[in-house]
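Accompanying notes for the structure given below.
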Amino acid sequence: MNRVVVTGVGVVSPVGNTRDEFWSALVDGRSGIGPFENIPTDRLVCKIAAEVRNFDPKDHLESKQLGLMDRFAVFAVLAARNAVKDSGITFDEETALDTATIIGTGVGGQNTIDDSYLRLYGQNSSKVHPFTVPRLMPNAAASHVTMDLKLRGPTFSIVSACSSGTHAIGTAFHMVRSGQAPVALAGGSEACITVGGVKTWEALRVLATEACRPFSKGRNGLVLGEGAAMLVLETRDSAIARGAPIYCEITGFGMTADAADITSPDAFGAGRAIKAALRDARIDPGSIDYVNAHGTGTTINDKTETQVLKDVFGEHARKLAISSNKAVLGHSLGAAGALEAVATAMTLKEQIAPPTANYLEPDPECDLDVVPNTARKMPIRAAISNSFAFGGLNAVLAFAKH
Amino acid sequence: MNMLDEVKGIIAKQVEVPLDQLTAETRLADIGIESLDVIEIVFALEEKFDISIPFNANESAAEAFETIGAVADAVQKLVDAKAA
């Protein structure tokens, strides 16, 4: 089996569209959450989100190409271009024929769905745009990345709500490890912040009112985010042979279903996913130093995740540095796991645990070390990144320092 | 129909409990009402009375929804405020 490493990362995020802007905001705990700027708010109860701001797709793509794309596909293409550029990889014809492109998304073309329903039901039009179908289909992001970069290997989208990005990277990791694909582009993309999209989340009564405060006392919900992240995965041998920069190694992937509640997390299912990832990585739980938590900022996720870590790691749970990026990035559903995988890769490369920002005071039900508000320089040998999705679908990646 | 009966009707339908077993003192948790049920009940009440109930599943505002009588009082207040 091949060893698999990350050699490139690319992001489109609420805190910037370059790796360095993204990472410095995470390390400084500088939140991308704020009042809505991109959509009308007159009918919204929710007032805040982590939007990708000051972003004009025309700066990056030709109008002919753009006419076929929803915002979530644009995000994915830009993140993929940046990841490839970052890795320095060039695709010769043979490699391109085998390179995998696996992209997670929660909802696909939400902007397209909103726009077409507005015309039909709001404006009483009897027609929608002819490209409505190709724009909204959840596989559009993956397809556009292949067309943009001329990659012709195994390609599909993964839809598992808030675990989509993690499932995509994990699947790509297994494909490179087994030799099915020499290189993979993997990640997630989401552009769910529309009036219709926010309304559906308001209806579930889980949105925070003024900030996302993972693991903190006084947290009162999640904040929606958007963006994309893509990673270049390749074999360690090929990365070393071409002198590529190596962020970290991906060592394991675990996934489970709770088969319990459609929205509430389940400690048993989540714990089994972590154990499966550690087993896949053949790593001793005691050598994990850092956990990139799912940490949504809802009352129930954060207390359940704390319990899960105690169940899996026992006494060692108290030695883990644990942080959630969602106070800074919001919750970008299908992109979240991918943005957090990039954050975890940077964490291992820089040997810095980014903080859990917006932290107010300890909650007795979340009593592990969540690196409150201040980043920590520390030795990090290995890490995991958790994603626990609606629908009870859990995905966990294991990483190691390279 | 008074507010208590309205609320009882909506809750009985939601959790399929016989109406005559519900009183103002009945605790929602005791009749098997889970978090998603509460969200649906809140929505049904909002639709019925054309009001907005500021309910966040993450907060202990859930306390205001501990018993059927408390739910009826909270809804009555919002209906009165709307009429005022």
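Below, chains carry the letters A, B, ... as their sequence lines are ordered, and counting in each starts from 1.
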- Task: Counting only heavy atoms closer than 4.5 Å, note whether B/S35 contacts chain A via side chain, backbone, both or neither.
- Result: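 Answer is side chain: those atoms of B/S35 sit under 4.5 Å from chain A.
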- Query: Using non-hydrogen atoms only, which part of B/E46 is less than 4.5 Å away from chain A: side chain, backbone, both, or neither?
  - Reply: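 Just its side chain gets close to chain A.
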- Query: Using non-hydrogen atoms only, which part of A/L207 is less than 4.5 Å away from chain B: side chain, backbone, both, or neither?
  - Reply: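 Answer is backbone: N, CA, C or O of A/L207 sit under 4.5 Å from chain B.
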Would you mind checking if [Y] and [X] are paired as a salt bridge, meaning a charged N to carboxylate O distance below 4.0 Å?
| X | Y | value |
| --- | --- | --- |
| A/D363 | A/K303 | no |
| A/D367 | A/K310 | yes |
| A/E340 | A/K326 | yes |

- Indicate whether any N or O donor in one side chain lies under 3.5 Å from an N or O acceptor in the other, for A/E190 and A/T105.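 Yes - a donor-acceptor pair under 3.5 Å links their side chains.
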- Residue selection (most heavy-atom pairs with chain B, distance under 4.5 Å) from A/I300, A/T298, A/D261: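 Of A/I300, A/T298, A/D261, A/T298 has the most heavy-atom pairs under 4.5 Å with chain B.
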- Message: Quick check on the interface: out of A/T299, A/N220, A/L222, who has the most heavy-atom pairs with chain B under 4.5 Å?
- Response: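 Among A/T299, A/N220, A/L222, the one with the most close pairs to chain B is A/N220.
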- Report the distance from atom NE2 of A/H294 to atom OG1 of A/T304, rounding to the nearest 0.5 Å.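 One finds 11.0 Å between NE2 of A/H294 and OG1 of A/T304.
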